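Notes for the one structure printed next.
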Amino acid sequence: MPATHSSRMLILGSGPAGLSAAIYGARAGMAPIVVQGLQPGGQLTITTDVENYPGFKDVIQGPWLMEQMQAQAEHVGAQTMWDTIVEIDLSRRPFRLVGDGGMVYSGDTLVIATGAQAKWLGLDSEEALKGKGVSACATCDGFFYRGKKVVVIGGGNTAVEEALYMTNHSHDVTLIHRRDHLRAEKILQDRLFAHPGIKVIWNKRVARFIGGGDPEGLVALDLIDIVTGEESSIDTEGGFVAIGHHPATEIFRGHLDLDADSYIRVKAGSTHTSVPGVFACGDVMDKIYRQAVTAAGTGCMAALDAEKFLAEADFETEMA
């Protein structure tokens with residue numbers, strides 16, 4: 001019969017949000033169990049140079065930072081386990097979760113930190129040049145393209161926001177969209193069209209990212225006009241794919257309130273979800289900032305919210 005692992009606090013996800021929750025939860029005596037999921041360490045494990053995480057004057061490596069955060073969490077009493085949750089029961093406390101190997105996890109509280117993944121175009125050339133001129137986060141990587149010619153690919157709010165952001169670093173920003181109109185909010189479109197440093201190329205899809213060989217990285221994009229089929233290219237040193245994100249929330253559908261984009265809804269100013277005792281932090285509930293430092297901050301909030309929830313629940317039990 002599969003073993004059951006029980007804890008005052010279960011944490012799903014081991015990126016900056018999950019591990020920060022684990023650190024604070026362990027220090028509060030809740031002996032948290034962190035179930036690491038398919039990508040232990042979250043998106044930072046596939047991020048090389050990290051230059052915007054506070055506390056380090058030199059560039060650090062994403063995998064190293066996550067190793068340090070996990071070691072810190074384990075040092076103060078958290079337990080990390082490698083598993084993928086395939087079944088959940090949030091109808092009563094303690095909450096019950098089942099891993100793909102049959103392992104059962106029981107938690108008086110649950111902190112969800114499963115994150116979100118950037119959507120990509122799915123090109124082989126895109127995969128080959130990730131981190132070598134191709135990125136899905138202008139806020140994260142834009143600093144590396146100061147004074148360089150860059151393109152942003154997409155037509156929604158994310159794309160327009162990233163194009164506007166990149167004007168802080170580049171005077172030559174081109175937005176490439178496969179349609180003849182943008183889907184972004186009008187106020188964002190107005191800002192985009194009014195900006196002298198941004199050009200827009202309509203009705204084009206990216207056929208291929210062109211690399212110039214190590215260490216040069218991305219040098220151009222091959223484009224195809226979706227109306228005429230005409231092929232063209234554009235020189236660039238940075239390509240930002242901004243076509244949205246996939247929050248990892250499919251398993252919670254029908255169990256928790258999700259918004260129209262499938263992000264977990266939380267009570268304003270907190271990490272409380274629609275189910276008492278279940279908390280969400282990091283990119284799984286944050287579609288705006290999506291930074292390691294903000295994820296870590298909400299992870300702290302989730303642990304503090306969970307600790308307070310348990311204290312109140314214990315008090316009510318004692319008084320009953």
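The basis for the numbers below is simple: all heavy atoms, side chains too, and nothing from hydrogens, waters or symmetry mates. Here the structure is a predicted model, which means the values were calculated and not measured.
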Let me see the working for Lys199 and Asp172 under salt bridge (charged side-chain N to carboxylate O under 4.0 Å, His left out), right down to the final yes or no.
CA-CA 8 Å; Lys199 299 184 293 291; Asp172 192 339; 2.8 Å; yes
Run His5 and Met103 through side chain to side chain contact (heavy atoms under 4.5 Å, CB included) and show every step you take.
CA-CA 8 Å; His5 297 275; Met103 194 79 74; 3.4 Å; yes
Run the side-chain hydrogen bond (donor to acceptor under 3.5 Å, both in side chains) test on Ser91 and Asp89 for me, step by step, so that the C-alpha distance in whole Å, both residues' side-chain angles and the decisive distance to 0.1 Å come before the verdict.
CA-CA 6 Å; Ser91 63; Asp89 181 0; 2.6 Å; yes
Given the rule in the salt bridge (charged side-chain N to carboxylate O under 4.0 Å, His left out) test, do Asp283 and Arg290 qualify, once you have shown the distances and angles that lead to the verdict?
CA-CA 6 Å; Asp283 289 6; Arg290 297 194 301 266; 5.7 Å; no
Could you walk me through whether Ile176 and Leu223 satisfy the side chain to side chain contact (heavy atoms under 4.5 Å, CB included) test, starting with their C-alpha distance in whole Å, then the side-chain angles of each, then the deciding distance to 0.1 Å, before giving a yes or no?
CA-CA 9 Å; Ile176 300 172; Leu223 307 175; 4.1 Å; yes
Carefully, step by step, assess Thr80 and Glu74 under the rule side-chain hydrogen bond (donor to acceptor under 3.5 Å, both in side chains).
CA-CA 7 Å; Thr80 56; Glu74 292 173 344; 2.5 Å; yes
Evaluate the side chain to side chain contact (heavy atoms under 4.5 Å, CB included) criterion for residues Lys204 and Ile226: first the C-alpha distance (whole Å), next the side-chain angles of each, then the deciding distance (0.1 Å), finally the verdict.
CA-CA 6 Å; Lys204 298 288 194 299; Ile226 65 167; over 6 Å; no
After noting the C-alpha distance and the side-chain angles of Glu185 and Asn157, does the key distance pass the side chain to side chain contact (heavy atoms under 4.5 Å, CB included) rule?
CA-CA 6 Å; Glu185 297 170 0; Asn157 284 352; 3.3 Å; yes
Working note: Thr271 + Asp305, criterion side-chain hydrogen bond (donor to acceptor under 3.5 Å, both in side chains); need CA distance, chi angles, decisive distance, verdict.
CA-CA 7 Å; Thr271 61; Asp305 285 344; 2.7 Å; yes
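The closest donor-acceptor contact from the side chain of Gln36 to the backbone of Ser14 lies at 3.5 Å or more, if one exists at all. Under the 3.5 Å distance criterion, the side-chain polar atoms of Glu161 are left unmatched by any main-chain donor or acceptor of Ala159. Not a single donor-acceptor pair under 3.5 Å links the side chain of Arg27 to the backbone N or O of Tyr24. A donor-acceptor distance shorter than 3.5 angstrom exists from the side chain of Ser7 to the backbone of Ala31, with no hydrogens or angles considered. The closest donor-acceptor contact from the side chain of Ser106 to the backbone of Ser6 lies at 3.5 Å or more, if one exists at all. With hydrogens and angles disregarded, no donor-acceptor distance shorter than 3.5 Å links the side chain of Ser170 to the backbone of Gly147. Proximity of a side-chain donor or acceptor of Asp141 to a complementary backbone N or O of Ala138 within less than 3.5 Å is not detected. In this structure a side-chain-to-backbone donor-acceptor pair under 3.5 Å is present from Thr298 to Gly282. Looking only at distances, a side-chain donor or acceptor of Thr273 sits under 3.5 Å from a matching main-chain atom of Val278. Side-chain atoms of Ser125 do not come within 3.5 Å of backbone N or O of Arg208 as any donor-acceptor pair.
Here the closest heavy-atom approach between residue Ser20 and residue Met69 is recorded as OG-CE, 3.5 Å. Between Met30 and Arg8, the closest heavy-atom pair is O-CB, 3.5 Å. Scanning all heavy atoms of the two residues, the minimum distance from Pro276 to Arg93 falls at O-CD, 4.3 Å. Across every non-hydrogen atom of Ala302 and Val111, the tightest pair is CB-CG1, 3.8 Å. Closest of all the heavy-atom pairs between Thr236 and Val150 is OG1-CA, 3.4 Å. The two residues Asp180 and Asn203 have their closest heavy-atom pair at N-OD1, 3.2 Å.
Checked against the 6.0 Å centroid threshold, Tyr145 and Phe240 count as a close aromatic pair.
In this structure, the side chains of Ile11 and Val35 stay at 4.5 Å or more apart for every pair of heavy atoms. Taking 4.5 Å as the limit, some side-chain heavy atom of Asp83 sits within range of a side-chain heavy atom of Asp100. Contact check for Asp222 versus Val206: no side-chain heavy atoms found under the 4.5 Å cut-off. Taking 4.5 Å as the limit, some side-chain heavy atom of Glu126 sits within range of a side-chain heavy atom of Val241. Looking at heavy atoms from C-beta onward, Leu97 lies out of side-chain contact with Val104 at the 4.5 angstrom threshold. When side chains are defined from C-beta on, Lys119 counts as touching His246, because their heavy atoms get closer than 4.5 Å. Phe279 has its side chain out of reach of Met301: every pair of non-hydrogen atoms, C-beta onward, lies at least 4.5 Å apart. Residues Leu304 and Phe309 form no side-chain contact, since every pair of their non-hydrogen atoms from C-beta on lies 4.5 Å or further apart.
Identified under the disulfide bond (SG atoms under 2.5 Å apart) test for residues 92-185, with sequence neighbours left out: Cys137-Cys140.
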Got a list of side-chain donor-acceptor pairs under 3.5 Å for residues 250-259, not counting sequence neighbours?
| residue | atom | partner | partner atom | Å |
| --- | --- | --- | --- | --- |
| Arg253 | NH2 | Ser262 | OG | 2.8 |
| Asp259 | OD1 | Asp261 | N | 2.8 |
| Asp259 | OD1 | Ser262 | N | 3.0 |
| Asp259 | OD1 | Tyr263 | N | 2.9 |
| Asp259 | OD2 | Lys287 | NZ | 2.8 |

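To the nearest 0.5 Å, atom CZ of residue Arg96 and atom CG of residue Leu90 are 12.0 Å apart.
Both tests do not hold together for Arg191 against Phe193: distance to the six-membered ring centre under 6.0 Å, angle to the ring axis within 45°.
Aromatic ring orientation, Phe56 versus Tyr53: tilted (interplanar angle from 30° to 60°).
In this structure, Asp225 does not pair ionically with Arg205, as no charged nitrogen and carboxylate oxygen lie closer than 4.0 Å. A salt bridge links Asp190 with Lys186: the distance from a Lys NZ or Arg NE/NH1/NH2 to an Asp or Glu carboxylate oxygen falls below 4.0 Å.
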